[in-house]
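All ligand and atom numbering here is 1-based and tracks the order in the structure. Hydrogens, waters and symmetry mates play no part in the numbers below; they use all other heavy atoms, side chains included.
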Amino acid sequence: MQNKIDQYTSEINSFNSSNAQELETFRIRFLGTKGIIKDLFEEFKTVSADDKRVYGKVLNEFKQLAESKYHEVKELIDSMVSDTPESKIDLTLPGDGMELGSRHPLSLVRKEIVEIFKKLGFNVAEGPEIEDDWHNFSALNFPEEHPARDMQDTFFIKKDKENGDTALRTHTSSVQVRMMEAGQPPFRAIMPGRVYRNEAISARAHCFFHQVEGLYIDENVSFADLKQTLFYFVQELFGEGTKVRFRPSYFPFTEPSAEMDISCTICKGDGCQFCKHSGWVEILGCGMVDPNVLDNCKIDSQKFTGYAFGMGIERITNLKYQIKDLRLFSENDVRFLKQFQSELI
Ligand code: PHE
């Protein structure tokens, strides 16, 4: 026993390391639950009573030696770690400036639109971009054979004759349905979001774009309310004096339906290339919610009436900033994006 202890003592005395892993190996070897010291104490139990008196002391000293060596080396290693350059960072130094990005023009315009309608008491709602046939078409009174359901326009995800198709929504009008199904009037909300159509990408068309839908349903809502709301909206967004006009149109989910034009913001109505020399540009579709749609959404069409409208954010952004190519919106060219600043952050 004495021999072993002498041998281990010199091993411990000569141990030195700056490596935490080596120190750990040392600890396990001597001080671990299955280590040398544990073994020696086991052996100690078997020696004679006389020997016990001698070895008791020797063994305890040996254990203390191993422990103090361990702590000594550990302290050294710890002090080296906290001496690394990282730990000597001067926290009082000024930091590197972080360059702020700018908002995407479509986000800026969406925000502006939302803010205007919020002032009129509209809530903001959203719905899923992957829609079923019911919410995108059927509930909105699209006849079965309506061309908008055609593969030409819609990105179908799953064709399913029995349970209805799944597709990327082609307009935000699907959110109207979700809103009406979820409760009872009055509803007064706008619904911004991205929509998808299967179109060849060019300067004037893209396979995805953004819309803001509006819906107002209550007792005695009339076309006059619709006109006044949209008139106010246009004055706020494009400035006082901007003219509006409504042209009769057709949408399956509104009756009567209209398209709204505003006086061209670029030539102020004199006629230019942008408005094709007409002095007017179309900015949205609208109308009185068709009673069939109300019935589909379990809303009493005898009691309630309402209006809906939907506008393309890209189109309005083009008008505000005179951007001629839609593709710029999704190319993420910083030189383009950096140009748009707004007080609305
Ligand atoms: N959903 C129509 C479109 O995408 C716009 C619209 C919305 C028209 C609401 C009338 C009422 O063209």
Side-chain angles (χ1 to χ4, degrees), residues 106 110 113-114 117 122 124-129 131-143 146-150 152-155 167-181 187-199 204-217 221-223 225-227 229-231 233-234 244-262 281-294 296-297 299 301 304-318 326:
L106 293 176
R110 184 199 55 219
I113 296 170
V114 167
F117 282 105
F122 282 73
V124 184
E126 282 182 15
E129 293 182 11
E131 264 302 4
D132 49 45
D133 180 273
W134 172 257
H135 290 96
N136 198 77
F137 295 128
S138 296
L140 288 165
N141 203 31
F142 276 80
H146 196 280
R149 293 180 175 215
D150 200 306
Q152 294 283 309
D153 304 310
T154 309
F155 284 118
L168 293 176
R169 67 179 175 195
T170 58
H171 54 182
T172 42
S173 301
S174 55
V175 193
Q176 280 187 42
V177 178
R178 289 193 172 271
M179 168 158 271
M180 288 190 273
E181 281 177 339
F187 299 112
R188 187 162 49 181
I190 48 163
M191 299 149 249
R194 184 176 282 181
V195 303
Y196 302 83
R197 291 191 195 167
N198 192 358
E199 308 229 17
R204 317 202 72 219
H206 212 296
C207 59
F208 66 80
F209 56 99
H210 301 79
Q211 289 188 328
V212 177
E213 192 82 8
L215 179 71
Y216 181 26
I217 297 188
V221 178
S222 72
F223 204 97
D225 297 319
L226 169 65
K227 277 176 76 174
T229 304
L230 292 177
F231 178 76
F233 163 68
V234 166
V244 300
R245 75 174 184 189
F246 290 80
R247 283 178 292 102
S249 184
Y250 171 77
F251 299 103
F253 38 95
T254 46
E255 181 60 34
S257 305
E259 276 170 323
M260 189 181 82
D261 298 339
I262 61 168
V281 281
E282 182 215 317
I283 65 159
L284 56 81
C286 60
M288 301 306 292
V289 177
D290 193 302
N292 287 341
V293 176
L294 295 175
N296 286 340
C297 299
I299 284 166
S301 57
F304 295 107
T305 53
Y307 64 71
F309 55 85
M311 64 186 96
I313 302 182
E314 276 79 352
R315 181 141 188 87
I316 290 176
T317 310
N318 289 350
L326 272 179

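In this view, Phe117 and Phe122, Phe233, Phe309 satisfy the ring-ring contact (aromatic ring centres under 6.0 Å, His included) rule, not counting sequence neighbours. Residues passing the side-chain hydrogen bond (donor to acceptor under 3.5 Å, both in side chains) test with Glu129 are Tyr196, sequence neighbours excluded. Every side chain to side chain contact (heavy atoms under 4.5 Å, CB included) that Pro256 has, sequence neighbours left out, goes to Phe223, Met288.
Here His206 contributes atom NE2 and Leu326 contributes atom CG; the two are 7.0 Å apart, rounded to the nearest 0.5 Å.
For Asp225 (side chain) and Val221 (main-chain N/O), no donor-acceptor pair under 3.5 Å exists by modelled atom type.
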Can you list every pair where an N/O of ligand 1 is under 3.5 Å from an N/O on the protein?
from	atom 1	to	atom 2	distance (Å)
ligand 1	1 (N)	His171	ND1	3.1
ligand 1	1 (N)	Ser173	OG	2.9
ligand 1	4 (O)	Arg197	NH2	3.0
ligand 1	4 (O)	Gln211	NE2	3.0

- Task: Check the pair Asp261, Arg245 against salt bridge (charged side-chain N to carboxylate O under 4.0 Å, His left out), reporting the backbone distance first and the verdict last.
- Result: CA-CA 5 Å; Asp261 298 339; Arg245 75 174 184 189; 2.8 Å; yes
